[in-house]
Amino acid sequence: SRIIKWRKAMRYWGDWNQLNDLYCATTHCPLCDCCLTIKNDRFQKSVDHDHFSLYVRDIICKSCNNSRGKVDRNKMILHLELYRHFSLLK
């Protein structure tokens, strides 16, 4: 089921059934306000989660989720580079 798949990939503070209810009830992306779909396109519903902590953030469209994922990766790379840089200064 959907909840089993989510539990393997993400962490959630609340009840997983409530997250499923939120997923089913969410009709528009809170970031770009597009109408969410269940078909595999850029408007497909996605459970957005932080790629570092794995905690769920929101239900958004696939397009916004991909953009947030790129930002997460860039932030992680920046943090690693800063850590490496300042570790070498010691």
Side-chain angles (χ1 to χ4, degrees):
S1 90
R2 181 185 303 144
I3 294 175
I4 292 170
K5 183 176 137 185
W6 289 344
R7 285 183 131 165
K8 289 180 182 178
M10 298 174 256
R11 296 181 183 140
Y12 184 60
W13 293 105
D15 179 86
W16 287 96
N17 290 314
Q18 287 177 338
L19 178 62
N20 188 55
D21 292 344
L22 176 65
Y23 180 86
C24 293
T26 304
T27 59
H28 287 80
C29 177
L31 302 179
C32 69
D33 201 38
C34 72
C35 185
L36 296 171
T37 66
I38 55 171
K39 60 185 176 181
N40 188 15
D41 63 11
R42 66 189 199 103
F43 304 116
Q44 180 182 14
K45 285 185 186 184
S46 296
V47 179
D48 176 44
H49 65 284
D50 181 275
H51 290 231
F52 184 70
S53 70
L54 302 179
Y55 280 102
V56 172
R57 291 188 283 216
D58 215 340
I59 310 298
I60 60 177
C61 71
K62 187 177 186 178
S63 179
C64 288
N65 193 32
N66 289 339
S67 296
R68 261 197 183 168
K70 290 174 188 170
V71 169
D72 285 347
R73 282 188 293 282
N74 290 339
K75 281 182 3 187
M76 196 178 308
I77 290 168
L78 175 62
H79 286 211
L80 289 171
E81 289 299 320
L82 288 170
Y83 175 80
R84 195 174 302 145
H85 174 75
F86 286 106
S87 293
L88 293 174
L89 293 178
K90 293 180 181 180

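What's counted below: heavy atoms across the whole structure, side chains too, no hydrogens, waters or symmetry copies.
- Within the 4.5 Å cutoff, the side chain of C29 has heavy atoms near those of the L36 side chain.
- Atom NE2 of H49 and atom CG of L54 lie 5.5 Å apart (nearest 0.5 Å).
- Under a cut-off of 6.0 angstrom, the local environment of CG in L80 is crowded, with over 12 non-hydrogen atoms contributed by other residues, nucleotides or ligands.
- The nearest pair of heavy atoms linking F43 to C35 is CB-O, 3.7 Å.
- Each of D50, D58, D48 was compared with R68 under the side-chain hydrogen bond (donor to acceptor under 3.5 Å, both in side chains) criterion, and only D48 meets it.
- A salt bridge links D72 to R57: at least one charged side-chain nitrogen sits closer than 4.0 Å to a carboxylate oxygen.
- Under the ring-ring contact (aromatic ring centres under 6.0 Å, His included) criterion, Y23 pairs with W6, sequence neighbours left out.
- More than 12 heavy-atom neighbours from other residues, nucleotides or ligands sit within 6.0 angstrom of CG on L78.
- Looking only at side-chain heavy atoms (C-beta outward), C32 and S63 stay at 4.5 Å or farther from each other.
- Legend: side-chain hydrogen bond (donor to acceptor under 3.5 Å, both in side chains) pairs involving residues 32-45, not counting sequence neighbours, sorted by first then second residue: T37-D41, N40-K62.
- Listed by first then second residue, pairs satisfying salt bridge (charged side-chain N to carboxylate O under 4.0 Å, His left out) with a partner in residues 73-83 read E81-R84, not counting sequence neighbours.
- Taking OG1 of T26 as the start and CG of D21 as the end, the distance is 10.0 Å to the nearest 0.5 Å.
- Contact of the I59 side chain with the V47 side chain is registered, since non-hydrogen atoms from C-beta on lie closer than 4.5 Å.
- Under the 4.5 Å side-chain heavy-atom criterion for grouping Ile, Leu, Val, Met, Phe, Trp and Tyr, L22 is connected to M10 within one hydrophobic cluster.
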